[in-house]
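This report refers to the structure that appears directly beneath it.
All ligand and atom numbering here is 1-based and tracks the order in the structure.
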Amino acid sequence: MALPRKVASANYMREREELFACPVCGSEMMVTEDCSIVCDNRHSFDIAKQGYVNFMTHAATSMYGKGLFEARKQVIESGLYAPMHTALCDLLKQMNTNVVVLDTGCGEGSHLASIKNEFQEQSDHSFVGVGIDIAKEGIIAAGRNYDDMIWCVGDLAKSPYQQTSFNAILNILSPANYTEFKRLLKPNGMVIKVVPQSGYLQQLRAMFFADSEKESYSNELTVERFKENFREVEIKRIAKTIAIDQELVPLLMHMTPMGWHQNNNDTAINLTEITIDLDILVGKI
Ligand SMILES: C[S@@+](CC[C@H](N)C(=O)[O-])C[C@H]1O[C@@H](n2cnc3c(N)ncnc32)[C@H](O)[C@@H]1O
Ligand SMILES: [Zn+2]
């Protein structure tokens, strides 16, 4: 009989417990037999029945709710982001080593799960995937849907991990904290940040923000800040327009908190194609 999710997750985390640092006092942590993660100073965090751990030390509000994460999961599973998954997987394979990968602002976890699957199909090296997000609803979904991964509710600016623990840090369409990322990376590690480019979801934006500055993105400042923080920066652009089924339209509109869907009748919108246009910024410490 299969082990309950909580016990299976505790076993998986115990084998990798050297990754954890107490978010209160910074000391080493142990995964106990009764499925808690406890530090030397007895600060304790329970593993939930869905297999994730909540490391938040203060309450946080999030504009990202359950419906948004369900929509994101379905859109990601439709294959819209497949070119990005392949590009990120290729970067990790090029490291030519076993990898421990942290996805910061992982949401409901499908990007990290897809990248891990692709990596394991194509490489003999091992892949340990760790995801952190401040939105509990996202991490609950990640824990429920993807096993053999480590899912944590926490703040990426003050993360519950030991220094120099990760070969790569992913940061996909999420806020970043470069001081923390540098603390967490192994010496030859890399940061991979994904930011929208000018054509990203342009068909939706054109519909809702016609004649306003929100109609197009510029990521110039983000790129500049990234270059100030990391060495050997390379930028790879992934742009693709694909045909979409009409059922995807309401999901596309619900996967962002920006409120494209507010005051609009989803079913009245007719979209036949959508553009994914992203810059992948890669840097070393
Ligand atoms: C646009 S979503 C992207 C989610 C996911 N990477 C994806 O592409 O589907 C941004 C994510 O960043 C998370 N986030 C924002 N601030 C954070 C913080 N301080 N620590 C951890 N996660 C954070 C949000 O909760 C949200 O899930
Ligand atoms: Zn502690």
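Considering only non-hydrogen atoms, atom 3 (C) of ligand 1 lies nearest to Ser174 out of Ser174, Pro196, Gly107. In this comparison of Asn177, Leu173, Ile139, the heavy atom closest to atom 1 (C) of ligand 1 sits on Leu173. Distances from atom 6 (N) of ligand 1 to the heavy atoms of Cys152, Gly105, Ser62, Ser159 show the closest one on Gly105.
By the 6.0 Å and 45° rule, Lys182 stacks over the aromatic ring of Phe230. Relative to the six-membered ring of Tyr12, Arg16 meets both conditions, a distance below 6.0 Å and an angle of at most 45° to the axis.
Here the NZ atom belonging to Lys66 is positioned 13.5 Å from the CD atom belonging to Glu108, to the nearest 0.5 angstrom. In this structure, CD on Gln203 lies 6.0 Å from OG1 on Thr241, to the nearest 0.5 angstrom.
Geometry note: the Zn ion (ligand 2) is the vertex, Cys39 SG and Cys22 SG are the arms, and the angle is 110° (rounded to 10 degrees).
Among the heteroatoms counted here (N, O or S) of His43, ND1 is the one nearest to the Zn ion (ligand 2).
When hydrogens are left out, the protein atom nearest atom 9 (O) of ligand 1 is Arg72 NE, 2.6 Å; that is the closest non-hydrogen contact. Residue, atom and distance of the protein heavy atom nearest to atom 21 (C) of ligand 1 are Ile134 N, 3.3 Å. Here the heavy atom of the protein found nearest to atom 26 (C) of ligand 1 is Asp133 OD2, 3.6 Å. Looking only at protein heavy atoms, the nearest one to atom 2 (S) of ligand 1 is Tyr64 CE2, 3.5 Å. In this structure, the protein non-hydrogen atom closest to atom 19 (N) of ligand 1 is Asp155 OD1, 2.9 Å.
With hydrophobic clusters built from ILVMFWY side chains whose heavy atoms lie under 4.5 angstrom apart, Val195 does not share a cluster with Ile172.
For the pair Leu156 and ligand 1, the shortest N or O to N or O distance falls below 3.5 Å. Checked against a 3.5 angstrom limit, the closest N/O atoms of His111 and ligand 1 fall inside it.
Using a 4.0 angstrom heavy-atom cutoff, Tyr81 does not count as in contact with ligand 1. The closest approach between any non-hydrogen atom of Ser110 and ligand 1 is not below 4.0 Å. Between Pro175 and ligand 1 there is a heavy-atom distance shorter than 4.0 Å.
Using a 4.5 Å cut-off on side-chain heavy atoms (C-beta onward), Trp151 and Gln50 make no contact. Between Ile244 and Leu271 there is a side-chain heavy-atom pair separated by less than 4.5 Å. A heavy-atom distance below 4.5 Å is not found between the side chains of Tyr81 and Ser114.
Near Phe69, the atoms of ligand 1 lying under 4.0 angstrom from a non-hydrogen atom of the residue are 27 (O). With ligand atoms numbered from 1 in the order given, ligand 1 contributes 25 (O) to contacts under 4.0 Å with heavy atoms of Ala135. Below 4.0 Å from some heavy atom of Gly154 lie the following atoms of ligand 1, by number and element: 20 (N), 21 (C).
Residues Glu118 and Thr86 have side chains that bring a donor and an acceptor to within less than 3.5 angstrom of each other. A donor and an acceptor atom, one from each side chain of His111 and Asp103, are nowhere located under 3.5 Å apart.
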Exercise. Given the rule in the side chain to side chain donor-acceptor pair (under 3.5 Å) test, do Thr32 and Asp34 qualify, once you have shown the distances and angles that lead to the verdict?
Worked result: CA-CA 5 Å; Thr32 63; Asp34 62 354; 2.5 Å; yes
